[in-house]
Amino acid sequence: MKVIIAEKPSVAREIAKVFGATTKKDGYMEGKGYTFTWAFGHLLQLAAPQEYGFYGWNVQNLPMLPLKFKLAIRKVKTKDGMVDDPGVRKQLDIIKGLFDEATEIIVATDAGREGELIFRYIYYYLKCKKPFKRLWISSQTDEAIKDGFRNLKPGSDYDTLFNSAHCRSQSDWLVGMNATQALSLSAGTRSVLSLGRVQTPTLAMICARYLENKNFVPEPFYQVSIMVDKDGQVFRALNEEKFKTKEEAQLIIDEVRDTASGVPDGGHILSVEAKPRKEPPPLLHDLSSLQQEANKKKGFTADQTLTLLQNLYESKLVTYPRTGSRYIGDDVFAGVPVLIDKFKDHPEFGKQATALSGAKLSKRSVNAKKVTDHHAILPTGEIPYQLSPDRQAIYDLVAGRMLEAFHQDCIKEITKITVQSGSNFIASGTVISNAGWRAVFNEPDEDKKEEENASLPKVKQGENLPVTDKSLLEKQTKPKPMYNEASLLKALETAGKEIDDEELRYAMKDSGLGTPATRAAIIETLIKRDYILREKKNLLPTATGLAVYDVVKDHRIAQAELTGNWEKRLEEIRSGASVESFQEEIKAYTRDITRELLKAGKGMMIVKT
DNA sequence: GCAAGGTC
């Protein structure tokens with residue numbers, strides 16, 4: 001008997017379907033001489049400190065450097081403390097029974113570092129010795145699965161991938177457990193002051209932005225604008241120079257040849273530029289972009305969006321939610337026209353779905369090379385029935401984005417009129433001549449400038465028009481806004497570096513902080529620790545958060561670059577570099593940070609709020 | 001009581 005093990009039930013079911021195996025058993029399926037079972041993500045984790053003899057929280061134990069890490073069943077919190085998750089224990093028993101009967105195991109966990117770790121931890125925990133082969137696919141279509149089974153790889157091909165995964169796991173344990181105890185013990189508060197490779201740089205970003213915003217000194221500046229009249233249609237034109245003093249701006253005002261100063265046609269049209277601009281449709285959603293959109297449009301937290309999306313996924317209404325890819329492969333794209341047709345009767349999108357039906361679809365989101373473990377989020381085409389309003393809202397964001405992503409470009413007519421009246425003034429206006437993808441949600445363009453005119457009259461170069469008004473604008477420089485969940489999620493993708501270009505940001509995905517699946521949990525952890533709080537939409541540090549930031553801000557543990565460096569080393573391990581030298585560096589770093597925090601925490605000021 | 005990673 002061959003046993004196939006997947007990372008999660010949905011994938012096992014997909015594979016079983018391709019084989020034509022339909023017999024459902026408790027915790028697995030079977031048919032055609034194969035058995036299909038699954039994990040639920042990580043069933044096993046590195047054992048807690050007490051499993052190595054480090055009892056209690058005690059300075060004497062630090063740094064805790066286990067000689068050999070142990071594995072333990074995933075825990076759940078109950079009123080009696082942490083206990084083995086009963087569901088996990090049961091599934092492990094089922095897997096053990098199947099492995100015992102197996103002649104061969106086929107590893108079908110997700111094609112990536114963590115997928116490898118999920119299987120290997122099970123395999124080693126169960127002390128299994130059976131031979132195993134690896135299924136390596138990046139799409140779960142029938143064709144991709146069949147293809148993958150024709151090309152099974154030797155299990156040992158992925159030994160170095162496992163090594164890098166295991167190193168990642170141990171390193172996070174060593175640095176996180178030791179730093180957390182060191183700081184908590186030395187600060188002398190009885191509360192937990194947790195630190196970690198991901199959560200601490202995240203906290204640092206929130207605190208740094210908060211302080212920058214709070215300490216920002218606004219500087220006043222002055223600009224001049226005029227109102228110009230074309231046959232009764234009045235538009236605003238702005239002098240683009242920013243002046244530090246009122247007096248300088250006043251000189252510009254004084255030169256304006258407006259009607260009040262006795263000049264009937266004092267606005268000379270120097271030039272009129274009108275050019276169309278194409279705005280391509282947005283990419284399909286991955287989890288992070290959907291969380292950002294849902295936060296902006298509906299005010300949902302990252303955690304709420306993930307929960308709602310998981311619900312929709314379990315109801316088979318949307319594809320796998322925790323994806324980091326905004327693309328689909330050609331195989332999935334082939335099914336998109338049918339999918340679009342399913343929305344012809346949708347109350348909000350019906351018209352757009354009908355318009356798209358049979359039309360040429362944009363292929364911007366189609367790129368098999370950019371599909372990683374999972375493709376972008378799509379509706380499955382199943383018809384939803386009586387969704388709660390929140391679930392419906394998320395479902396509509398997914399469905400609407402699909403229609404947008406395959407729609408035509410939005411064509412904008414951008415007009416720029418330069419008016420001379422003493423100095424030069426510029427009027428700009430954007431008119432959408434063909435809405436394209438923007439017709440789906442039909443919402444105003446968010447990055448429109450304040451001074452932009454809704455529409456501009458037709459004027460000709462060389463014309464002289466009356467200037468009906470002139471005004472001095474008093475403005476102030478503004479600080480960067482505090483982080484909210486949307487802007488924080490975006491910043492985590494690029495580890496705090498500010499990159500606006502969508503494609504460029506996408507290229508940095510692998511060097512971001514955390515993963516799509518964990519970012520919501522990171523935010524919740526910081527809130528649970530009383531490091532940050534939600535105030536309206538913003539995420540603000542608490543006194544405790546700021547105190548922790550103050551202690552760690554100059555240490556590597558607070559810097560996103562730590563993850564970048566680890567990732568570089570882990571990638572080298574994956575391609576065969578020595579595991580030992582990295583492990584020694586991590587141990588040395590653990591000793592350093594523990595020693596420093598034991599000292600630094602003593603001077604820490606925790607103001608209890 | 002603690003990390004980050006995955007998922008019901």
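Proteins come first, then strands; the chains are lettered A, B, ... in the order of their sequence lines, and each starts at number 1.
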Per A:W57 side chain, nearest of listed nucleotides B:dG6, B:dC8, B:dC2: B:dC2
Mutual orientation of the aromatic rings belonging to A:W136 and A:Y158 [parallel < 30°, tilted 30-60°, perpendicular > 60°]: parallel
A:R168 side-chain proximity, nearest of B:dG5, B:dG6, B:dC8: B:dG5
Given B:dT7, B:dG5, B:dA3, the nucleotide with the shortest approach to the side chain of A:Y320: B:dT7
Interatomic spacing from OG1 in A:T515 to CD in A:E114 - rounded to 0.5 Å: 8.0 Å
Contact under 4.0 Å: A:T518 side-chain N or O vs B:dG5 OP1/OP2: yes
Sugar-phosphate, base or nothing in reach of A:L46, heavy atoms under 4.0 Å: base
Nearest listed nucleotide, side chain of A:K77, among B:dC2, B:dT7, B:dG5: B:dC2
Under 3.5 Å side-chain donor-acceptor pair for A:Y124 and A:R120: yes
Side-chain N or O of A:R529 closer than 4.0 Å to phosphate OP1/OP2 of B:dG1: no
Rounded interatomic separation in angstrom, taking CG from A:D80 and P from B:dG1: 11 Å
Integer-rounded Å distance: B:dG5 C1' and A:F162 CZ: 14 Å
Length of the CD1-P vector between A:I5 and B:dG6, whole Å: 17 Å
Touch class at under 4.0 angstrom, heavy-atom based, for A:R197 against every strand present: sugar-phosphate
Integer-rounded Å distance: B:dG6 P and A:L161 CG: 13 Å
5' precedence on DNA chain B between A:D85 and A:V192 (nearest-nucleotide basis): A:V192
ring-ring contact (aromatic ring centres under 6.0 Å, His included) between A:F69 and A:H166, intermediate numbers included: CA-CA 10 Å; A:F69 276 96; A:H166 194 32; 7.0 Å; no
Closest to side chain of A:D172, choosing from B:dC8, B:dC2, B:dA4: B:dA4
Check: A:D100 main-chain N/O paired with A:K130 side-chain donor or acceptor under 3.5 Å: yes
Euclidean distance, atom CE of residue A:M64 to atom C1' of B:dG1 [Å, nearest integer]: 11 Å
Nearest-Å distance for atom pair CG/C1', residues A:N58 and B:dG1: 14 Å
Phosphate OP1/OP2 of B:dA4: any A:R519 side-chain N/O under 4.0 Å: no
Side-chain donor or acceptor of A:R519 paired with backbone N/O of A:G514 under 3.5 Å: yes
Distance test, side-chain N/O of A:Q45 to OP1/OP2 of B:dG5, below 4.0 Å: no
Sugar-phosphate, base or nothing in reach of A:E114, heavy atoms under 4.0 Å: sugar-phosphate
Proximal nucleotide (of B:dT7, B:dC8, B:dA3) relative to the A:E7 side chain: B:dT7
Sugar-phosphate only, base, or nothing, as touched by A:Y313 at under 4.0 Å among non-hydrogen atoms: sugar-phosphate
Sugar-phosphate, base or nothing in reach of A:P49, heavy atoms under 4.0 Å: base
Position toward the 5' end of DNA chain B (nearest nucleotide), A:I118 or A:N178: A:N178
Side-chain N,O (A:S194) to OP1/OP2 (B:dA3) below 4.0 Å: yes
Polar side-chain atom of A:T200 near backbone of A:R197 as donor-acceptor pair, under 3.5 Å: no
Rounded interatomic separation in angstrom, taking OH from A:Y55 and C1' from B:dC2: 17 Å
Nearest-Å distance for atom pair CG/P, residues A:L43 and B:dA4: 21 Å
Phosphate OP1/OP2 of B:dC8: any A:R322 side-chain N/O under 4.0 Å: yes
N or O in side chain of A:Q199 less than 4.0 angstrom from B:dA3 OP1/OP2: yes
